[in-house]
Amino acid sequence: MTTAFADLAVWTPICSISRLEIERGVAALVEGVPVAIFRTFTGDVYALDNVDPFTGASVLSRGIVGTRGDVPTVASPMHKQAFDLRTGDCLDDPTVRVRAWAVRVRDGVVEIGEPLALSVPA
């Protein structure tokens with residue numbers, strides 16, 4: 001993220017970083033949009049839309065956090081499709097993705113920014 005973007009973006013505070021358990025997700029509403037926030041075993045924090053695109057259920061925050069190779073992932077608790085936490089791309093179906101959000105930790109508080117641009121499908 002560039003400094004210019006960080007200075008211009010609107011950031012929504014979500015919770016203290018200490019409230020995010022390692023390898024777990026939490027759900028939050030950001031301007032009425034359900035967002036899932038994850039903290040990985042490396043301490044990195046990511047945010048994706050919380051709605052599973054395969055079922056329409058708002059459940060990704062309850063998914064299984066892990067990795068596939070060196071890609072940080074969350075697997076939907078519904079049918080176990082894995083999503084790249086960095087981009088929102090589905091690793092099991094390249095035509096499907098969820099929106100990824102800018103996220104940062106500032107003064108110990110997790111903040112959500114703008115949605116990130118979608119990657120181009122393979």
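No hydrogens, no waters, no symmetry mates; every other heavy atom, side chains included, goes into these values.
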Residues in side-chain contact (heavy atoms from CB on, under 4.5 Å) with V26, at least two apart?
L20, I37

Go through W101 and L116 one step at a time and tell me if the side chain to side chain contact (heavy atoms under 4.5 Å, CB included) criterion holds.
CA-CA 5 Å; W101 292 74; L116 301 175; 5.7 Å; no

Those residues at least two apart in sequence (or on a different chain) that pass side-chain contact (heavy atoms from CB on, under 4.5 Å) with S18 are S16

Going by side chain to side chain contact (heavy atoms under 4.5 Å, CB included), L48 matches just one of T87, V103, L85. Which one?
L85

For the residue pair G88 and F83, what are the closest heavy atoms and their distance?
O-CD2, 3.6 Å

One should read off an interatomic distance between I22 CD1 and T42 OG1, to the nearest 0.5 angstrom, of 8.0 Å

Sequence neighbours excluded - salt bridge (Lys or Arg N to Asp or Glu O under 4.0 Å) pairs with any residue from residues 33-43:
none

With a 4.5 Å cut-off on side-chain heavy atoms, are V35 and I14 touching?
no

Are Y46 and T40 close enough that some pair of their side-chain heavy atoms sits under 4.5 Å apart?
yes

Residues passing the side-chain contact (heavy atoms from CB on, under 4.5 Å) test with V71, sequence neighbours excluded, are T73, D84, R86, L91

Quiz: residues 50-57 side-chain donor-acceptor pairs under 3.5 angstrom, not counting sequence neighbours:
from	atom 1	to	atom 2	distance (Å)
N50	OD1	L60	N	3.1
N50	OD1	S61	N	2.6
N50	OD1	S61	OG	3.4
N50	ND2	S58	O	3.4
N50	ND2	S58	OG	3.0
D52	OD1	F54	N	2.8
D52	OD2	S76	OG	2.5
T55	OG1	A57	N	3.2

Begin from the C-alpha positions of C90 and Q81 and carry the test side chain to side chain contact (heavy atoms under 4.5 Å, CB included) through to its verdict.
CA-CA 7 Å; C90 181; Q81 288 91 354; 4.0 Å; yes

Residues passing the salt bridge (Lys or Arg N to Asp or Glu O under 4.0 Å) test with R68, sequence neighbours excluded, are D92

ILVMFWY cluster membership beyond V109 - transitive side-chain contacts under 4.5 angstrom:
none

Considering residues at least two apart in sequence or located in another chain, which fulfil the salt bridge (Lys or Arg N to Asp or Glu O under 4.0 Å) criterion with R24?
none

Sequence neighbours excluded, the answer for side-chain hydrogen bond (donor to acceptor under 3.5 Å, both in side chains) partners of E111 is R104

So which heavy atom on D70 is nearest to which on P72, and how close?
O-CD, 3.6 Å

Hydrophobic cluster mates of M78, side-chain heavy atoms under 4.5 angstrom, ILVMFWY only, any path?
V59

Between F38 and V74, does the side chain to side chain contact (heavy atoms under 4.5 Å, CB included) criterion hold? Intermediate values first, please.
CA-CA 9 Å; F38 304 94; V74 63; 3.6 Å; yes

